[in-house]
Amino acid sequence: MSPNRSVHDRRPVVRPLVLALSALLPLSAVAQQAPASKDPVALDALTVTAQRRVENAKDVPVAITAIQGEKLDVLGSAGDDIRFLAGRVPSLNIESSYGRAFPRFYIRGLGNTDFDLNASQPVSLVYDDVVQESPLLKGFPLFDLAGVEVLRGPQGTLFGRNTPAGVVKFDSARPSQDADGYVKVAYGSYNTWNTQGAYGGPLTDRWSARVSALYQRRDDWVTNTRDNAPAQGFEGYDEAAARVQFLYEGDAFEGLFNLHKRKLNGTARLFRANIIQPGSNQLVENFDRDEVSTDGQNFSDLETWGGSARLKWDLGRVTLHSITGYETAESLNHGDIDGGYGAAFLGAGNSGPGFIPFPSESADGLPSHRQWTQEFRVESNEWGRFDWQAGVFYFDEDVTIDSFNYDSLTLGNPQTGHAVQQQRNKAWAAFASGDFDVTDRFKLRAGVRYTQDKKDFTASVLQAVPGGTPVSGPYVANSDVDDVSWDLSGVYQLTDNINAYARVAKGFRAPSIQGRLAFGGVTQADSEKVISYEAGIKADLFDRRARLGFSVFRYNVDGQQLIAVGGSNNTATLLNADKTIGQGFELDFEAYLTDNVLLTLGSSYNDTEIKDPDLAVAICGGGCTITDPTTVINGGTYALVNGNSLPQAPKWIHNLTLRAGFPVNDASEFYVYTDWAYKGPVNFFLYESPEFRSRSSLEGGLRLGYNWDYGQYDVAVFGRNLTDQVRVVGAIDFNNLTGFINEPRTFGVEFTAKF
C-alpha cells in the first residue's frame with residue numbers, strides 16, 4: 001500500500017491477498033498435474049471442543065478457527081507474547097498499552113480498550129477449561145499446547161463469563177501413559193532467547209504426569225538519549241512460566257490436576273512523544289525506532305499462579321464433570337506516559353522530543369487478587385437422537401488496585417497521588433444445552449443460561465506518601481443484575497462432505513465499575529446485550545485434501561460498554577452506547593496444493609458502527625484534528641461519535657501460510673514455511689482523527705529448516721516482520737501526539753528435539 005494513501009480512503013484493501021494468491025498459481029498448477037500416489041495425502045480430521053465435548057469441527061454450528069502443531073510453533077518462534085495471534089485468525093485482533101502484561105482481545109470488532117486493571121472484556125479467555133477474568137491473567141504464555149480454538153459470536157450458553165463477542169480457548173498437552181517430550185531452543189536478534197520443553201509419562205498404571213516450562217528473554221533494544229534518566233534502556237524482558245499436571249485414570253473416574261506459574265520482569269509499554277505528523281497518520285520525519293528521550297521510570301513486574309482440578313465420573317447413562325479453578329496475580333506497571341521530557345505548565349518547554357505541555361508519570365499495581373471458579377456439569381452418554389448437558393457455575397473474584405502518580409520534574413521523582421480501588425465480584429449461573437437429530441442429515445441445537453452477577457466496589461484517595469491514610473472517600477458503587485442468554489442453531493448435511501449451518505444467539509456482559517479518582521471519579525456502565533445471527537458452510541473437499549469454512553454474520557449490541565479515555569483533562573469514563581451494529585463475513589481455507597505443499601488462508605470483513613446520536617466524548621488534549629461533528633458541554637468541546645466504527649476494529653484481516661517440503665528420503669526433508677498477516681486501519685479512540693487512525697499493516701515471517709529421523713529433530717533459521725515495517729499501533733491523546741509502535745524485525749535460529 002502506498003505510504004501516501006489517504007487515511008480517509010476506506011475502500012477494502014485486498015492487494016496483498018491478490019498478490020499472494022497470484023504467486024501460488026504455479027504451485028496450484030503443479031498440484032493439478034501431479035500424478036496420484038498410492039496413499040494420497042489428506043488433512044487430518046479437525047476435532048474441537050467448542051461445545052464442551054470432542055466433535056468434528058464440521059459438525060459444530062459455530063464459526064471456529066483452530067491453530068495447532070507446527071503453525072502455532074512457527075508463529076511464536078521469536079518469543080513474542082500472546083499478541084502474535086492478532087490477525088492470524090479471521091476477525092481476531094489483540095493489542096495492549098501495557099506491553100506483554102495486559103492483552104486486550106477483539107472478535108468481530110467487539111472488545112474493550114479500557115486499561116484499568118479490573119476492566120472486563122467481551123472476549124472470554126479460557127485456559128484449560130478455567131475462565132481467566134482478570135486482564136493480567138489473559139497473557140499467560142503459550143507453550144506445550146494441544147491447540148488453540150477461536151470461537152466467534154456469543155458463547156454464553158456453555159462458557160463461564162462475559163462472552164458476547166466470543167471465546168479464545170487454550171488446551172495444554174495432557175499427560176498420558178505414553179512417555180514423550182520435547183526441548184526447543186531458539187536464539188535471535190537483540191540477544192533474544194526462547195526456550196521451552198516438556199516431558200510426560202506414566203508414574204503408575206493409573207497415574208501419569210507432565211511437566212512443561214518456558215523461559216524467554218530479550219535485551220533492551222531502545223536507548224534513552226536523556227542523560228541521567230531513571231531508565232536508560234527499554235523493550236527488554238525476562239519471563240519464565242511452568243506447568244505441572246497429574247492425571248489419574250480409573251475404571252469410571254478421571255482426575256486431571258494442574259498447577260501453573262508465571263513471572264515477568266521487563267519494561268512497560270514504551271510511549272513516544274510527538275511521533276505522529278499533525279494532520280496525518282504518518283510517523284514524523286527522521287523517526288528513529290531505536291531511540292527515545294524520556295525522563296521517567298519504566299518497568300513491569302508481574303507474577304501469577306494458579307491451579308485447577310478437573311474431575312470426571314462415568315455414571316453409565318451420564319457423565320459428571322467438576323472443574324475447580326483458582327488464580328491469583330500480583331503486579332506493578334510503571335510508565336512515563338507523556339513519552340518525553342521538558343514539560344512546562346506555562347507553555348515553555350520546547351526541549352526534548354517536541355512540546356510536552358505537562359508531565360504524566362503513573363503506575364498501576366495489583367497488590368491483592370484472587371479468583372475462584374467452580375463448575376458442575378452433567379452430560380448424556382450417547383442417548384441416541386437426543387443428547388444434552390446441564391450444569392451450574394460459580395465465580396468469585398476479589399481484587400485491590402493501586403494507582404500512583406509521580407512528579408518527574410522534581411528531584412527524586414516524588415509520588416504525588418495514590419488512589420485505591422477494591423472490588424468483589426460474585427456470580428453464579430445455571431445452564432442447559434441439547435441437540436436433537438431431526439433426521440439423519442439435520443440436527444437442531446439449543447441452549448439457555450441464567451446468570452446472576454453482583455459487584456461491590458469502593459475507592460479512596462490516600463495521602464501521597466508510602467502507607468498514607470485516606471484523605472477522601474470511600475466512594476461506593478455496586479451492581480446486582482441477572483440475565484438469560486440463549487442460542488438456537490441447526491446443521492444440515494448437504495452432502496457427505498458439506499454441511500450448512502445457521503445460528504442465532506444472545507450474549508450478555510455484566511456491568512462495569514471504574515474509580516479513577518484523580519481523573520473524573522467513579523463511573524459505571526450498565527449491562528450490554530448482543531443478538532447475533534450467522535450462517536455458514538463447512539466442507540471437506542477433494543478427498544479431504546482441502547477444508548473450507550465460510551460464514552456471514554450480523555449482530556446488534558444494546559447498551560454496549562465503551563470507555564472514553566484521554567482528552568485535555570486525561571479523563572477515563574465508562575459509557576453505554578444506545579446501539580452498535582456489526583456485519584461481515586469470514587473465510588477459513590486449508591489445502592494440500594501438492595503432497596508436499598500446504599496452504600492455509602484466512603480472511604474476514606467486519607463493518608462496525610456506533611448508533612447513538614447523543615453520544616459525545618471529550619476530544620484530544622493537543623495536536624489532533626477532529627473530523628467528527630463537535631458540541632460544547634459545560635464549556636468543553638466534545639465529539640459526536642454517532643456513525644463511527646468501533647476502536648481497534650479493522651475492517652479487513654487477511655492471513656496466509658505456505659509450507660513447501662522437499663524430501664531427502666523417507667525420514668528427512670528440507671522445508672520452507674512463510675506466513676503473512678494483513679490488518680486494515682483502525683481508530684484508536686471513539687472519535688475520529690487522522691492522527692489517531694492507524695495505517696494498514698502487512699507483516700510476514702519466513703522459516704527455512706531441515707528435519708530428520710521422521711520429524712524427531714528440527715533445525716531452522718527464521719525471520720519475523722521481514723519487511724521491517726514500522727507502525728503506530730496505539731496512542732495517548734491527552735497530552736500530545738504520543739504513540740507506541742509494533743515489534744521490530746528479528747532473525748534467529750531454532751533447534752527442536754522430540755523424544
Side-chain angles (χ1 to χ4, degrees), residues 65 67 71-107 109 111-115 119 121 123-125 127 132 134-143 145 148 150 165-166 168-170 188 190 192 194 214 216-218 221 234-237 239 241 262 264 266-271 289 300 302 304 331 333 335 602 604 647-650 653 655 675-680 682 684 694 696-701 720-721 725-731 739-746:
T65 299
I67 303 179
K71 182 175 181 179
L72 192 58
D73 293 338
V74 168
L75 296 180
S77 57
D80 294 335
D81 62 280
I82 199 170
R83 288 172 292 167
F84 74 73
L85 294 175
R88 303 293 177 173
V89 171
S91 296
L92 177 67
N93 191 25
I94 312 172
E95 53 86 27
S96 174
S97 57
Y98 275 71
R100 298 171 72 89
F102 186 142
R104 297 188 287 247
F105 293 78
Y106 306 79
I107 291 179
N112 184 5
T113 59
D114 194 351
F115 52 83
Q121 297 182 357
V123 178
S124 184
L125 189 139
Y127 214 122
Q132 309 292 300
S134 169
L136 294 180
L137 298 175
K138 296 178 186 288
F140 194 86
L142 309 186
F143 62 100
L145 292 181
V148 178
V150 179
V168 181
K169 189 172 182 292
F170 301 95
Y190 310 113
T192 299
N194 179 21
L214 169 141
Q216 297 175 326
R217 72 162 313 280
R218 182 174 70 185
W221 57 271
F234 306 97
E235 297 288 13
Y237 58 82
E239 180 162 17
R262 175 195 191 192
L264 168 66
T267 59
R269 202 46 147 141
L270 181 58
F271 300 106
R289 178 164 53 187
S300 178
L302 171 65
T304 70
S331 76
N333 194 285
S604 61
Q648 291 293 344
I653 288 177
N655 56 78
D675 62 275
W676 294 84
Y678 170 86
K679 291 193 299 182
V682 300
F684 297 144
S694 74
S696 61
S697 67
L698 176 63
E699 291 192 5
R720 309 300 303 164
N721 189 12
Q725 187 176 82
V726 183
R727 289 290 185 266
V728 178
V729 295
F740 42 92
I741 63 173
N742 62 324
E743 294 292 311
R745 177 170 58 193
T746 57

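Since the model is a prediction, treat every value here as computed from it, not as a measurement.
- In this structure, Gln121 contributes its side chain and Pro103 its backbone to a donor-acceptor pair below 3.5 Å.
- Judged by distance alone, the side chain of Asn721 and the main-chain N or O of Glu743 form a donor-acceptor pair under 3.5 Å.
- Judged purely by atom type and a 3.5 angstrom limit, Asp81 has no side-chain atom pairing as donor or acceptor with the backbone of Gly99.
- Closest heavy-atom contact between Pro90 and Thr65: CD-OG1, 3.7 Å.
- Judged purely by atom type and a 3.5 angstrom limit, Tyr98 uses its side chain to pair as donor or acceptor with the backbone of Phe115.
- Within the 3.5 Å criterion, the main-chain N or O of Gly139 finds no donor-acceptor partner in the side chain of Arg100.
- Between atom CG of residue Asn742 and atom CD of residue Glu699 there is a gap of 5.0 Å, rounded to the nearest 0.5 Å.
- Put simply, the side chain of Ser694 gets close to the backbone of Val682: a donor and an acceptor are under 3.5 Å apart.
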**OP:** May I have the step-by-step check of side-chain contact (heavy atoms from CB on, under 4.5 Å) for Val89 and Val168, ending in yes or no?
**Re:** CA-CA 11 Å; Val89 171; Val168 181; over 6 Å; no
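- Between the side chain of Thr267 and the backbone N or O of Glu235, at least one donor-acceptor pair lies under 3.5 Å.
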**OP:** Could you walk me through whether Phe84 and Val74 pass side-chain contact (heavy atoms from CB on, under 4.5 Å), step by step?
**Re:** CA-CA 10 Å; Phe84 74 73; Val74 168; over 6 Å; no
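- Taking CG of Asn112 as the reference point, atom CZ of Arg104 lies at 8.0 Å (rounded to 0.5 Å).
- Not a single salt bridge (Lys or Arg N to Asp or Glu O under 4.0 Å) links Arg269 to another residue, sequence neighbours left out.
- With rounding to the nearest 0.5 angstrom, the CZ atom of Phe170 is 5.0 Å from the CG atom of Leu142.
- Residues Leu125 and Phe140 fail the side-chain proximity criterion, which asks for heavy atoms closer than 4.5 Å.
- Contact of the Leu270 side chain with the Phe740 side chain is not registered, since no non-hydrogen atoms from C-beta on lie closer than 4.5 Å.
- Ser697 pairs by the side chain to side chain contact (heavy atoms under 4.5 Å, CB included) definition with Lys679, Gln725, Arg727, not counting sequence neighbours.
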Subject >> Working for side-chain contact (heavy atoms from CB on, under 4.5 Å), residues Phe684 and Gln648 >> reply: CA-CA 6 Å; Phe684 297 144; Gln648 291 293 344; 3.6 Å; yes
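- Between Thr746 and Asp80 the shortest side-chain heavy-atom distance does not fall below 4.5 Å.
- In this structure, the separation between CD1 on Ile94 and OH on Tyr106 is 10.5 Å, given to the nearest 0.5 Å.
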Original post:
Checking side-chain contact (heavy atoms from CB on, under 4.5 Å) for the pair Leu85/Leu92: CA distance, chi angles, key distance, verdict?
Top reply: CA-CA 8 Å; Leu85 294 175; Leu92 177 67; 4.3 Å; yes
**OP:** List the steps, then state whether salt bridge (charged side-chain N to carboxylate O under 4.0 Å, His left out) holds for Asp675 with Lys71.
**Re:** CA-CA 9 Å; Asp675 62 275; Lys71 182 175 181 179; over 6 Å; no
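- Closest non-hydrogen pair, Ser331 versus Leu302, comes out as CB-CD1, 3.6 Å.
- In this structure, Lys138 contributes its side chain and Gln132 its backbone to a donor-acceptor pair below 3.5 Å.
- Between the CG atom of Leu136 and the CZ atom of Phe102 there is a distance of 6.5 Å, given to the nearest 0.5 Å.
- For Ser604 (side chain) and Ser91 (main-chain N/O), a donor-acceptor pair under 3.5 Å exists by modelled atom type.
- For the atom pair OG of Ser696 and CD1 of Ile653, the computed distance is 12.5 Å after rounding to the nearest 0.5 Å.
- The shortest side-chain heavy-atom distance between Pro744 and Val726 does not fall under the 4.5 Å cut-off.
- Side-chain atoms of Gln216 and Leu264, non-hydrogen and from C-beta on, never get closer than 4.5 Å to each other.
- Across all their heavy atoms, Val123 and Ala165 have their closest contact at CG2-CB, 3.7 Å.
- With hydrogens and angles ignored, the 3.5 Å screen pairs no side-chain donor or acceptor of Asn93 with any backbone N or O of Ala649.
- For Pro141, the side chain to side chain contact (heavy atoms under 4.5 Å, CB included) partners are Phe143, Leu214, Glu239, Ala241, Arg262, not counting sequence neighbours.
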